[in-house]
Amino acid sequence: MSGMTFVGRRGRSCWTVLAVMAFVGGHSVSTSAITIVPTFDSTIKSDPNAATIEATINSAIAIYEHIITDSITVNITYREMTTGLGENSTYYDPMPYQSYVAALATHATSTNDGIAVSHLPNTATNPVNSNGTVNVQLPNARALGISIVPPAGMPDGTISLNTSIMNLSRSATDPTKFDLMSTTMHEMDEVLGFGSALSNVAKNGDPAPSTAIWPLDLFRYDQSGARSFSTSLTTTAFFSLNGTTDLAQFNQHAGGDFSDWYSFPNGAAIPHVQDAYATRGVAPNLGVEFTGLDILGYHLVPLSGDANGDGVVNAQDLALVASGWLRTVANPGDVNHDGIVNGQDLAIISSDWLGTYGSAGTGGGTGMSGGSQVPEPSAWLLTILASCALLGTGRRRRGDCRIAA
C-alpha cells in the first residue's frame, strides 16, 4: 500500500475505422472464481435507458467471470460521460521487475504462460528499457497472489462511457453508433492489466520513456523478433509471447493507446475489442485479449482448439494440426496434449471452430455476446482440409478515450 498512488492521463480524441466484422463460434466454459462487482454511478442510474445499459455491462462482466478462474474480487465503478467514447482510471502498484517475473513463473499454468515466462530474463532490470520497475494494476497483482487493495472506499477502477453514441445492446444495430458491450470490455481489459508506458508520450517521435514500464510492454516485438519500444509512427510492433508468433499488431499512432491494437487509418484492420480506434456498426468479441490477460498472470478456462493462442479457433490452428499430423514430438497441433497429433485434436478444433472467448457459439458457446452464427464444419470436412494442408505444408492511471470523428 505504501507505494500506491493515483495519477491521471488526459483523454484523447480518436478517429473511426470502417470495417466488416465476420466471426463467431464457441467453446465450453465452467464456473470461475473471479468476482467483478459493479457500482453504477448516478449518471447511469438516472439515464432513461439505465436498465438496458446495466444489463449490457453485466453481460460483459459475466464473460470475464466465466473465463477467469482466479479467486479475486474486482470492484469497478461505471459512469457516463459526454465526450470521447470510453476511458478508465485505475489503481496500480509499482513492483520490482524481478519480483513480477518471479510471480508470473510461480503462477504459470498454461502453455502460453510457459512460453511467455521463458522469454523474460531473470534480471534486476527489464529487457525493454532497463528500468527496474513494472506498474501492475491491482487486480493483476492480486491474481498473482499479491494482496493489495485500493484506499478504503475506492474501486479498483472507474470506467466512463459515452452511451449517447452507442448501441446500448447487441440487439440494436444502428450502423452509425458504436457497441457498448465491446467498449465496456475494452476498458475492463485495461482495469485488469492492459497498458503501456508509451501511451504517456505527447506525440510520435518523442523519446521512449525510461521510467517504469507496464506488463504488456514486455511482449512488444518488431517484425524481426526484437523487442520494440519506440514512439515512431513508422515502427511496426506486434503482441507476441516469443517474438516469433505475432498474435496482434500494436497501435503506433499517438492519438490512441500504444497498448491497443492497430486500427488506424480507416479500414486498416478487422475490428477487435482492444482496437485503438473503434468502428461504428460492429460488435467485436473478446479473443486475443484473453491471451493477453493469461500471460499477464490470470488463469483462464482454456479455449481448447486455439492451438496458436491468438484467441480464436480458425484455419491457422487447423494448419498447425496438419503440419504436425501423427507426430509424437512436442507440437502445438497437439491441442489435447496427449502426445500425438491426430483425429482427437481435429475433433476439438471442430467443436470450437471460429470460437472466440465470450462469443455466441455453434460449438457449445456461452451465448453472451453477439454476432452472426457460422455453421460448424463437420469432422470429415476438417479432415479433408487437414489433408490438403498436409500436402501443402498502487498508483492510479487514466486509460484511453476512444472516439470517432
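Basis for what follows: all heavy atoms, side chains included, without hydrogens, waters or symmetry-related copies.
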Can any side-chain N or O of [X] pair as donor or acceptor with the backbone N or O of [Y] at less than 3.5 Å?
| X | Y | result |
| --- | --- | --- |
| Q137 | E190 | yes |
| D222 | G225 | yes |
| D257 | S259 | no |
| Y298 | N140 | yes |
| N167 | D174 | yes |
| N342 | Q344 | yes |
| T231 | G205 | yes |
| Y64 | M185 | yes |
| T106 | A102 | yes |
| D334 | N331 | no |

Any side-chain heavy atom of [X] within less than 4.5 Å of one from [Y]?
| X | Y | result |
| --- | --- | --- |
| D317 | D306 | yes |
| E80 | I53 | yes |
| L104 | L144 | yes |
| Y97 | V128 | no |
| L318 | L346 | yes |
| S160 | N88 | no |
| Q316 | T245 | no |
| D217 | F258 | no |

Should the ring pair F264 and Y277 be called parallel, tilted or perpendicular, given that the plane angle runs from 0 to 90° and is split at 30 and 60? tilted
Can you classify the ring geometry of F239 versus F250 as parallel (below 30°), tilted (30 to 60°) or perpendicular (above 60°)? perpendicular
[atom2] on [Y] to [atom1] on [X], rounded to 0.5 Å:
| X | Y | atom1 | atom2 | value |
| --- | --- | --- | --- | --- |
| Q252 | S230 | CD | OG | 6.0 Å |
| I57 | T52 | CD1 | OG1 | 11.0 Å |
| I213 | S130 | CD1 | OG | 10.0 Å |
| S263 | I270 | OG | CD1 | 12.5 Å |
| L300 | H66 | CG | NE2 | 14.0 Å |
| S89 | M154 | OG | CE | 8.0 Å |

Could you go through the side-chain contact (heavy atoms from CB on, under 4.5 Å) check for S182 and N285 one step at a time? CA-CA 7 Å; S182 59; N285 291 308; over 6 Å; no
Closest heavy-atom pair and its distance - [X], [Y]:
| X | Y | value |
| --- | --- | --- |
| R142 | I148 | NH1-O, 2.9 Å |
| A283 | R170 | CB-NE, 3.2 Å |
| P155 | T158 | CG-OG1, 3.7 Å |
| P271 | P284 | O-CB, 3.8 Å |
| A307 | V335 | CB-CG1, 3.7 Å |
| G305 | I349 | O-CG1, 3.7 Å |

Ring centroid separation for W214 and F194, is it under 6.0 angstrom?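 So the answer is no for these two rings.
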Give the C-alpha distance, both sets of side-chain angles, the deciding distance and a yes or no for side-chain contact (heavy atoms from CB on, under 4.5 Å) between L247 and F238. CA-CA 7 Å; L247 303 179; F238 298 94; over 6 Å; no
So among N251, D260, L286, which one has a side-chain contact (heavy atoms from CB on, under 4.5 Å) with Q274?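 With Q274 as partner, side-chain contact (heavy atoms from CB on, under 4.5 Å) holds for just one option, D260.
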Taking side chain to side chain donor-acceptor pair (under 3.5 Å) as the criterion, tell me which of D113, D294, T69, D70 meets it with H299. D70
Show, in sequence, the C-alpha distance, side-chain angles and deciding distance for T123 and T125, and conclude whether the side chain to side chain donor-acceptor pair (under 3.5 Å) test is met. CA-CA 5 Å; T123 54; T125 59; 4.7 Å; no
Run the salt-bridge test on R280 and D179 with the 4.0 Å N-O cut-off and return the result as yes or no. no
Under the side-chain contact (heavy atoms from CB on, under 4.5 Å) criterion, do I36 and M188 qualify, and how do the steps go? CA-CA 10 Å; I36 298 176; M188 289 177 66; 3.7 Å; yes
Determine whether Y100 and L218 satisfy the following criterion, side-chain contact (heavy atoms from CB on, under 4.5 Å), listing intermediate values before the conclusion. CA-CA 11 Å; Y100 180 66; L218 295 167; 4.2 Å; yes
Return the set of residues passing side-chain contact (heavy atoms from CB on, under 4.5 Å) with N131 (not counting sequence neighbours), or none when no residue passes.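 Counting only residues at least two positions away or on another chain, N131 forms a side-chain contact (heavy atoms from CB on, under 4.5 Å) with N126, N129, T133, A212.
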Would you please name every residue forming a side-chain contact (heavy atoms from CB on, under 4.5 Å) with T73, sequence neighbours left out?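 Scan of T73 (side-chain contact (heavy atoms from CB on, under 4.5 Å), adjacent residues dropped) gives T35, V37, N75.
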